[in-house]
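Some notes on the structure that comes next.
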Amino acid sequence: MRVAAEGDGARLGRPPMMNDPRAEILRQAAQMFAQKGYVDSSLSEVARSLNYSKGAIYNYFSSKQEIYDAIIIYTLTGLNDASAAAVKREDPPAEQLKQFMVAHARFLADNYDCFVTMLVGFSGMANTGLKDDALALRDAHEGLLRRIIADGVADGSFREVGAAMTGRAVLSLLSWMVRWFKPGGGKSAEEVALEYHDLLVRGLVA
């Protein structure tokens, strides 16, 4: 991102050249929300970090709440797309489960701030239509996981378990990694997902 330099004709309020200013605003806001929380973050701070004026932000978003909602939709859309693209229906259920878990963990790591914002802010969405969209995306992602588990039970790959309860357990393991996982520190997200997968499929009994 280009930062305005004194005397070069650039000025605060004229957004730097970006491929997608809207995406840059979402990225920067997500970083701030994840670090400081939604309440303690302001559009003025987001604007300053991007060398924007606050008014320039309003060219793309009408409020901080709209940015918040957009981050949640962006995150759930990307997560759903990533898992759907990774899972190959022709593979055995255990392999599909691995593909799903690795894709989920990789997306979390690659979009860490957005993911944290989404987990904390989902229930606080203000736009009813967007919240319905968010619920549909969440259900699609979870539905894919439940289908994998149900298929594994049906073909004998997995023992008799409830797909809904097991799916919730898997998603809790993966999503709440954000409580302790930091990208670039120690194991990668993919390595954590593979260890979780091994634990789920093989269990604890030697």
Side-chain angles (χ1 to χ4, degrees), residues 1 3 16 18-52 61 64-65 67-87 96-125 134 137-138 140-142 144-145 148 166-204:
M1 182 180 73
V3 178
M18 299 178 184
N19 290 332
D20 187 347
R22 184 180 170 89
E24 280 296 312
I25 292 168
L26 292 181
R27 179 192 61 77
Q28 191 63 32
Q31 184 179 69
M32 197 165 293
F33 295 160
Q35 292 175 356
K36 299 180 60 176
Y38 175 77
V39 173
D40 293 329
S41 301
S42 71
L43 285 185
S44 296
E45 291 175 298
V46 174
R48 282 197 300 272
S49 67
L50 291 167
N51 196 34
Y52 275 46
F61 298 98
K64 185 171 73 168
Q65 180 69 55
I67 293 175
Y68 204 44
D69 291 353
I71 290 169
I72 293 170
I73 292 295
Y74 162 82
T75 305
L76 288 171
T77 299
L79 182 63
N80 192 44
D81 289 348
S83 61
V87 173
Q96 291 185 50
L97 179 61
K98 181 190 294 183
Q99 294 161 358
F100 179 97
M101 293 177 70
V102 169
H104 185 115
R106 183 182 293 121
F107 184 85
L108 180 154
D110 290 344
N111 300 272
Y112 183 81
D113 293 327
C114 289
F115 208 97
V116 172
T117 299
M118 181 271 293
L119 283 180
V120 174
F122 185 89
S123 62
M125 294 185 75
L137 289 164
R138 184 199 66 182
H141 182 63
E142 186 171 352
L144 173 58
L145 176 59
I148 293 169
T166 306
R168 285 192 290 269
V170 173
L171 290 174
S172 293
L173 282 173
L174 294 170
S175 294
W176 291 104
M177 283 168 56
V178 296
R179 293 295 191 192
W180 57 268
F181 174 82
K182 292 293 184 293
K187 292 180 180 179
S188 69
E190 291 91 337
E191 289 172 326
V192 173
L194 289 172
E195 289 194 17
Y196 279 160
H197 176 266
D198 183 69
L199 178 62
L200 286 165
V201 172
R202 298 176 59 190
L204 291 172

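All heavy atoms count here, side chains included; hydrogens, waters and symmetry mates do not. We're numbering straight along the sequence, starting at 1.
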Item checked: Which residues share a side-chain hydrogen bond (donor to acceptor under 3.5 Å, both in side chains) with D198, sequence neighbours left out -> R202
Next item on the list: For F115 and L79, run side-chain contact (heavy atoms from CB on, under 4.5 Å): C-alpha distance rounded to whole Å, both residues' side-chain angles, the deciding distance at 0.1 Å, then the answer.
Entry: CA-CA 9 Å; F115 208 97; L79 182 63; 4.0 Å; yes
Notebook entry, point to check: Just how far is it from atom CG of L43 to atom CE of M32, taken to the nearest 0.5 Å?
Noted result: 9.5 Å
Notebook entry, point to check: CZ/R27 to OH/Y74 distance, rounded to the nearest 0.5 angstrom?
Noted result: 10.5 Å
Notebook entry, point to check: How far does CD1 of I148 sit from NZ of K98, to the nearest 0.5 angstrom?
Noted result: 13.0 Å
Notebook entry, point to check: Do you know which two heavy atoms are closest between A134 and I72, and how far apart they sit?
Noted result: CB-CG2, 4.4 Å
Note to self: Among residues at least two apart in sequence or on other chains, which ones pass ring-ring contact (aromatic ring centres under 6.0 Å, His included) with Y38?
What the structure shows: F33, Y68
Note to self: Working to the nearest 0.5 angstrom, can you tell me the gap between N111 CG and L26 CG?
What the structure shows: 11.5 Å
Validation: residues 173-184 side-chain donor-acceptor distances under 3.5 Å, sequence neighbours left out:
from, atom 1, to, atom 2, distance (Å)
S175, OG, H104, NE2, 3.1
S175, OG, L171, O, 3.3
K182, NZ, Y112, OH, 3.3

Item checked: Test item: L97 and H197 side chains (from C-beta on) under 4.5 Å apart, heavy atoms -> yes
Margin query: The test is side-chain contact (heavy atoms from CB on, under 4.5 Å); show your working for I67 and V46 and say whether it passes.
Written below: CA-CA 11 Å; I67 293 175; V46 174; 5.5 Å; no
Next item on the list: Provide the closest heavy-atom pair for Q99 versus A86 in the form atom of the first, atom of the second, distance.
Entry: OE1-O, 3.2 Å
Check: Should we say atom NZ of K187 is surrounded by more than 12 heavy atoms from elsewhere, each under 6.0 Å from it?
Finding: no
Check: How close do S41 and K64 get, heavy atom to heavy atom, and via which atoms?
Finding: O-NZ, 2.7 Å
Next item on the list: Sequence neighbours left out, what passes side-chain contact (heavy atoms from CB on, under 4.5 Å) with N80? Give chain and number order.
Entry: S83, L137, A140, H141
Check: About how many Å separate CD of Q31 and NZ of K36, when rounded to the nearest 0.5 Å?
Finding: 11.5 Å
Next item on the list: Report the distance from atom OG1 of T75 to atom CZ of R138, rounding to the nearest 0.5 Å.
Entry: 14.5 Å
Next item on the list: Applying side-chain hydrogen bond (donor to acceptor under 3.5 Å, both in side chains), name anything that partners Y196, two or more places apart in sequence or on another chain.
Entry: none
Next item on the list: Please name the pair of heavy atoms, one in D113 and one in A34, separated by the smallest distance, quoted to 0.1 Å.
Entry: OD1-CB, 3.7 Å
Next item on the list: Tell me, please, which residues at least two apart from S42 pass side-chain hydrogen bond (donor to acceptor under 3.5 Å, both in side chains).
Entry: E45
